Amino acid sequence: MYLERLEAALPEVRSRIDRACERSNRQDSGAVVIVGVTKSHTIEALRAAREAGLGVIGENRVREAADKLELVGRLGLEWHMIGHLQRNKVKAALKVFSLIHSVDSLRLAREIAKEASRTERQMPVLVQIDASGEATKSGIGASEGSRAVKEICEIGGIEVIGLMTMAPLTADEGILRNVFRRTCALFERCGQEVEKFEPRYLSMGMTNDYELAIEEGSNMVRLGTALFGERT
Ligand SMILES: *Cc1c(COP(=O)(O)O)cnc(C)c1O
C-alpha cells in the first residue's frame with residue numbers, strides 16, 4: 001500500500017521540484033534532497049522508501065525511530081532526526097541518526113558534542129533557525145544571526161553542515177517567503193563569515209510549502225504527507 005502510493009507520488013513531487021528550480025533559475029534540481037518523513041507511519045513506509053529509491057528518511061521522535069530501527073535495521077537508508085530533541089535523549093539519538101536537523105539551542109549542541117566526543121565521533125548537525133519572529137517557534141532567532149551560529153560551530157564534537165527552518169502554519173505566501181528568504185540569507189552569511197560552518201544543506205520546506213522553499217534556496221525538503229499520505 002505504501003509502495004504503490006509512494007511510486008505514484010514521487011514523479012509528481014520530483015516534477016514540482018524541477019519546476020520550482022526552473023522558476024528560480026536553478027540548474028541543480030537533482031541536488032535537492034528529499035527526506036521522506038516516516039514519523040507516525042509503520043515500518044512498511046520505511047521499506048517502501050527503500051524500494052522506491054528514496055535514500056533518506058526523517059523521524060521526529062527518538063523512541064519511535066529506535067523501535068523502528070530495531071525492527072527493520074537501517075535498510076540502507078540515511079536516518080535523519082527532524083523533530084525537537086530533548087537533551088536526555090541525545091545519547092539514544094546518536095545511535096540512530098546520521099544527521100540532526102533540529103539543533104535549536106547552544107545547550108543542546110553542547111550535549112550532542114559531549115556524547116559524540118565520548119565515542120570519538122564528529123556528529124553532523126544543522127542549526128534550526130526561527131525566522132518567523134514568533135517567540136513560540138523553537139530555534140535560534142534569525143536576528144541573533146551568524147554570531148549565534150558561530151558559537152555553536154566553535155564546539156568540538158559536532159560538525160555544522162547547514163541550517164534548517166520550519167515555516168509557520170499559514171497559506172500566506174508572503175509570510176512563508178519571508179521566513180525562507182531570511183533563513184537563506186543567514187545560510188549564505190554564515191558560509192562567508194563563519195570559518196567552521198560548512199554550507200552544505202539548507203533544510204526548508206514541507207508538504208504545503210516546499211515549492212516556495214526551493215524557490216527561495218532550499219536544497220533539502222522534508223516531505224511526509226505528500227509521499228505517505230495523511231498521518232493518523
Ligand atoms: C512532520 C514534519 C515534516 C513533514 O510534514 P508534512 O507536512 O507531512 O510534509 C517536516 N518537518 C518536520 C520538522 C516535521 O515535524
Side-chain angles (χ1 to χ4, degrees), residues 1-2 5-6 8-17 20 32-46 48-49 52 54-66 68 77-86 89-90 93 96-105 108 112 124-132 134 136-140 142 161-173 175-176 179-180 183-184 187 201-232:
M1 181 194 96
Y2 275 115
R5 198 196 151 94
L6 186 56
L10 259 180
E12 169 73 14
V13 165
R14 290 208 168 105
S15 93
R16 283 174 183 270
I17 290 174
V32 176
V33 177
I34 300 172
V35 178
V37 177
T38 48
K39 69 179 186 199
S40 310
H41 291 287
T42 64
I43 51 172
E44 293 313 317
L46 285 103
L54 216 57
V56 190
I57 55 103
E59 290 278 339
N60 73 332
R61 291 206 181 86
V62 177
R63 188 57 205 267
E64 182 183 331
K68 287 174 175 174
L77 297 162
E78 263 185 55
W79 294 52
H80 289 189
M81 174 60 177
I82 61 171
H84 175 68
L85 178 57
Q86 289 166 285
K89 301 263 171 64
V90 163
V96 178
F97 300 107
S98 61
L99 179 65
I100 297 171
H101 289 226
S102 43
V103 172
D104 55 8
S105 72
L108 175 61
I112 295 169
V125 303
L126 308 181
V127 173
Q128 183 170 351
I129 301 299
D130 171 14
S132 70
E134 302 168 30
T136 52
K137 287 259 178 257
S138 56
I140 305 288
I161 60 171
L163 301 181
M164 179 272 232
T165 202
M166 271 178 90
L169 203 64
T170 173
D172 187 322
E173 193 181 309
I175 293 176
L176 294 170
V179 163
F180 295 141
T183 308
C184 186
F187 178 77
Y201 296 121
L202 182 53
S203 168
M204 310 196 293
M206 308 173 27
T207 293
N208 289 322
D209 56 23
Y210 69 100
E211 292 159 276
L212 288 180
I214 288 169
E215 285 178 30
E216 299 299 337
S218 166
N219 65 5
M220 185 172 263
V221 292
R222 308 177 307 270
L223 303 180
T225 312
L227 299 176
F228 303 105
E230 297 287 340
R231 286 177 292 275
T232 45

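Just follow the structure's listing: the first ligand is 1, and inside any ligand the first atom is 1. Just so you know, residue 1 is the first one in the sequence shown, and it goes up from there. None of the values given here were measured: they were computed from a predicted structure.
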Asker: Can you tell me which residue among I140, I112, L85 is in a side-chain contact (heavy atoms from CB on, under 4.5 Å) with V103?
Answerer: I112
Asker: At less than 4.0 angstrom from any atom of ligand 1, which residues have a non-hydrogen atom? List them by chain and residue number.
Answerer: V37, K39, I82, M166, M206, T207, R222, L223, G224, T225, R231
Asker: Ignoring hydrogens and angles, state whether a donor on the side chain of S132 or D130 is under 3.5 Å from an acceptor on the partner side chain.
Answerer: yes
Asker: Would you kindly say whether E59 and T38 are connected by a side-chain donor-acceptor distance under 3.5 Å?
Answerer: yes
Asker: How are the rings of Y2 and H41 set relative to one another: parallel (under 30°), tilted (30 to 60°) or perpendicular (over 60°)?
Answerer: perpendicular
Asker: Strictly distance-based, threshold 3.5 Å: is any side-chain N or O of R231 a donor or acceptor partner for the main-chain N or O of K39?
Answerer: no
Asker: Verify whether one side chain among Q86 and H84 offers a donor that lies under 3.5 Å from an acceptor in the other.
Answerer: no
